[in-house]
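Just so it is clear, the values below take in all heavy atoms, side chains as well, and ignore hydrogens, waters and symmetry mates.
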Amino acid sequence: MRVFVSFSTMVALSFFAVSCGKAPESQAPTETPAAITLPTYSAQTFFDTTTLYGSSINHDGTAVLVTSDESGIFNVYSYPLDGGEPTQLTSSTTDAMRGVSWFPNDGRMLFTADQGGNELNHVYVRLEDGTTQDLTPGENLKAMVAGWHEDDMHFYVMTNERDNRFFDVYRYSTDDFSRELVYENNTGFNVESISPNGRYLALSRTNSNADSDLFLVDLQAAGTEPKLITPTEGNVSHSAYTFTVDSTKLVYGTDGHGEYYQAWEYDIEQDAHAQLYEAAWDVSFLYYSETGRYQVVGVNADARTELSIYDQSTGERVALPEHPPGDLRGVNFSQDEDTMVFYVNSDVSPSNLMVWNVGSDSVAQLTSTLATEMDPDHLVQSTVERFPSFDDLTIPGLLYKPHQASADNKVPAVIYIHGGPGGQTRQGYSAMVQHLVNHGYAMFGVNNRGSSGYGKTFFHLDDKRHGEDDLQDIVYGKKYLQTLDWVDPDRIAVMGGSYGGYLTMAALAFTDEFDAGINIFGVTNWVRTLESIPPWWESFRQSLYDELGDPATDMERLRRISPLFHADKIKAPVLVVQGANDPRVLQVESDEMVEAIRANDVPVEYVLFEDEGHGFAVKENRIEAQEAYLQFLLKHL
């Protein structure tokens, strides 16, 4: 099975990111048994943990294509399903290589890479003799794989080489890699999905940050005029998940029938829509195995993924044998559907690759990714907590209580803020979080208003209220922490990456609530950021303006909420981390912010990585940054 997330879906999840309802019963945090002496581990040890993802199974069902940072930077590996030693397929030491898919009939594979984090990905093929070829050569272009044709002899690639604002679609031959333009995108559509038979193309058009439409193009018809298939009134969002394997229906998500995204299907011949899957939370994804026998559905249930697999031949949910606890990720089937691979991930365990011979009574674990020096009992499981904000709106968050913490041993705390706007702090293993918790810092991931996953009303409550209402949610998160008898109420810091970095700086510039702040490639000047967005974001530029404001008309407000123009109000110590190749938050943002803080004689530390973009691809850099976080907190908190 070959599954690809649509480009528009990926970027819509969070524009500036690094990735309500009824509360469940809170679980008591795990206590450290009296017999265990809790050690503190170094950042080096935490990042000795291996990060894995990718689950494409090869043509003969013997190996999985996995992206791993075991070498120190992401490279592509082949993991044998019999548990043998993996084979490294790429050997980059500078640029992150990310596996996409095996070829359906042989041992070739597709992968992507950018240059030092600049996000200008090219698509490459690795041949069976180990040589590689750039299938999208050129300067200043961005490309990605868009899926396979059911004939297994062609695949699709999207690239903005013709016009760097828009992505065209090409069909490539597996024989000689010759290509044919199948869709020229001149009007800013988002390419969402391609039907298995190659006939239909699903497109979306972003009208605003609350409204989007789906279109269908029949590539075999005379002309390629997109047909609107979701004519709705008012603000309704739509995004394509996939086509059915027989190419007769488009499966898509929409929030047009309630607060949460539901899965619907559009019958192309009948021009009819029908509900396919509904849950009490957002349906995040839905896709099928090779023949369509198995349907895989993911639901974003209160900041964790609930994944279900259904056997379409019986209508029954597939019951997996016992496996390690955690959320399932990356479920994929072999071509004959006899083998299933997946990952299990939790707060206390990084992703491990599993294999199941469908119908058997056991699951085999192929990897052990936690650092060998670490005892998983020393890690901390988060709990979902909720608190009232300034206007009594209920705000959710994930709370990590250090094993050392008690009423007799109060610990300092850090509120950490996700990227976005529109991201979500979710359960799952984080070396960054666990390292600081291990060293005695409570961590509270506040999902402020505007976060995804809690309904469309909650999601839009921060529209053009950034640095104001969402910032108050962070402040009231601090007030909540101060009610806990095991938190030191006088030692609370704030930190975040990307948009979370912005709110960190806003918290220091516009309030006096926090004792220190860590800004990780955060926006500090919204005017510059919105005027310098990458050209390939053109299709949802208006959505950004609806969310944050248009520099042409909202200049006064954008300056008012930009910390750079209020740096004289910052009194607490600050650590700033930045990647020199970041195309979203330019280095000059952090340069100017640091200079302005220093001018006020406020303690500020600056860590600049010359070989990183908007995030960390190089493990050594993650370790250096992590050590900087800890030393900064030890010094100032």
Side-chain angles (χ1 to χ4, degrees), residues 18 26-33 36-49 51 303-304 325-326 345-351 369-371 373-385 396-418 425-447 474 477-478 480-482 484-489 491-497 500 504 514-518 520 575 622-623 625-637:
V18 200
S26 292
Q27 298 176 351
T30 303
E31 297 292 339
T32 302
I36 294 179
T37 301
L38 184 71
T40 52
Y41 300 104
S42 68
Q44 175 75 52
T45 299
F46 270 95
F47 285 100
D48 278 345
T49 295
T51 301
R304 58 176 299 268
N345 181 286
S346 72
D347 283 341
V348 297
S349 175
S351 291
T369 53
L370 190 67
E373 308 96 307
M374 292 177 61
D375 184 338
D377 287 339
H378 297 158
L379 303 178
V380 171
Q381 174 65 45
S382 68
T383 60
V384 177
E385 307 295 342
L398 298 181
L399 181 62
Y400 295 80
K401 179 182 179 180
H403 290 302
Q404 307 96 306
S406 69
D408 297 325
N409 184 37
K410 299 180 187 293
V411 297
V414 178
I415 290 180
Y416 69 99
I417 313 169
H418 61 67
T425 296
R426 296 170 53 77
Q427 290 190 339
Y429 184 79
S430 167
M432 182 273 288
V433 170
Q434 293 289 347
H435 175 246
L436 295 181
V437 174
N438 175 249
H439 281 261
Y441 295 90
M443 299 291 285
F444 191 28
V446 173
N447 281 319
I474 303 304
K478 175 204 171 185
Y480 165 75
L481 288 175
Q482 290 176 316
L484 304 177
D485 66 2
W486 49 271
V487 170
D488 186 335
R491 290 189 293 161
I492 299 179
V494 63
M495 71 182 294
T504 293
F514 297 95
D515 300 293
I518 300 175
I520 309 166
L575 168 64
R622 278 175 262 165
I623 295 169
Q626 190 70 33
E627 290 287 6
Y629 307 153
L630 178 60
Q631 294 306 314
F632 176 81
L633 292 173
L634 288 171
K635 181 177 181 179
H636 296 289
L637 203 62

Review point. Hey, what do you get for OH (Y400) to CD (E385), rounding to the nearest 0.5 Å?
Key: 12.0 Å

Review point. Is it true that the side chains of S42 and T45 contain a donor and an acceptor less than 3.5 Å apart?
Key: yes

Check your understanding: Is any side-chain heavy atom of M432 less than 4.5 Å from a side-chain heavy atom of F46?
Key -> no

Check your understanding: Would you call Y441 and L630 a side-chain contact if the rule is heavy atoms closer than 4.5 Å?
Key -> yes

Point to revise | Heavy-atom side-chain contact between L484 and Y480 under 4.5 Å | key: yes

Practice item. Check whether any side-chain heavy atom of V384 lies under 4.5 Å from a side-chain heavy atom of R304, and answer yes or no. Key: no

Study note, to complete from the structure: Interatomic distance, CD@E627 vs CD1@I623, rounded to 0.5 Å, equals 8.0 Å

Review point. Below 4.5 Å, heavy atoms only, C-beta onward: do L370 and L379 meet side chain to side chain?
Key: yes

Review point. Of the non-hydrogen atoms in G428 and N345, which two are nearest, and what is the gap between them?
Key: CA-OD1, 3.1 Å

Check your understanding: Roughly how far, to the nearest 0.5 Å, is the CE atom of M495 from the CG atom of L575?
Key -> 8.0 Å

**Study point:** M443 vs L399 side-chain heavy atoms within contact, under 4.5 Å
**Key:** no

Study note, to complete from the structure: Between V380 and P402 the two heavy atoms that sit nearest each other are CG2-CA, 4.4 Å

**Study point:** Minimum-distance pair of heavy atoms, taken over all atoms of H636 and A516
**Key:** CB-CB, 4.3 Å

Check your understanding: Judged by atom type as modelled, is there a donor-acceptor pair below 3.5 Å linking the side chain of K410 to the main-chain atoms of P489?
Key -> no

Point to revise | Between H439 and Y41: side-chain donor-acceptor atoms closer than 3.5 Å | key: no

Review point. Where the side chain of D488 meets the backbone of V411, is there a donor-acceptor pair that is under 3.5 Å apart?
Key: no

Review point. Between S382 (side chain) and L398 (backbone), is there a donor-acceptor pair under 3.5 Å?
Key: no

Exercise for review: State, with a plain yes or no, whether a side-chain heavy atom of H378 is found less than 4.5 Å away from one of P39.
Suggested key: yes

**Study point:** Heavy-atom side-chain proximity of V494 to V414 below 4.5 angstrom
**Key:** no

Revision key, fill the gap. Closest heavy-atom pair, G477 versus V446, reported as atoms and distance to 0.1 Å, is CA-CG2, 4.5 Å

Exercise for review: Please check if any side-chain donor atom of D347 sits under 3.5 Å from a side-chain acceptor atom of Q381, or the reverse.
Suggested key: yes

**Study point:** Flag, side chain of N447 to backbone of T425, donor-acceptor distance under 3.5 Å
**Key:** yes

Exercise for review: For E373 and D48, indicate whether the former's side chain and the latter's backbone hold a donor-acceptor pair under 3.5 Å.
Suggested key: no

Practice item. Give, for atom OH of Y416 and atom CZ of F444, the distance between the pair rounded to the nearest 0.5 Å. Key: 9.5 Å

Point to revise | Shortest non-hydrogen contact between T49 and P350, atoms and distance | key: CG2-CG, 3.4 Å

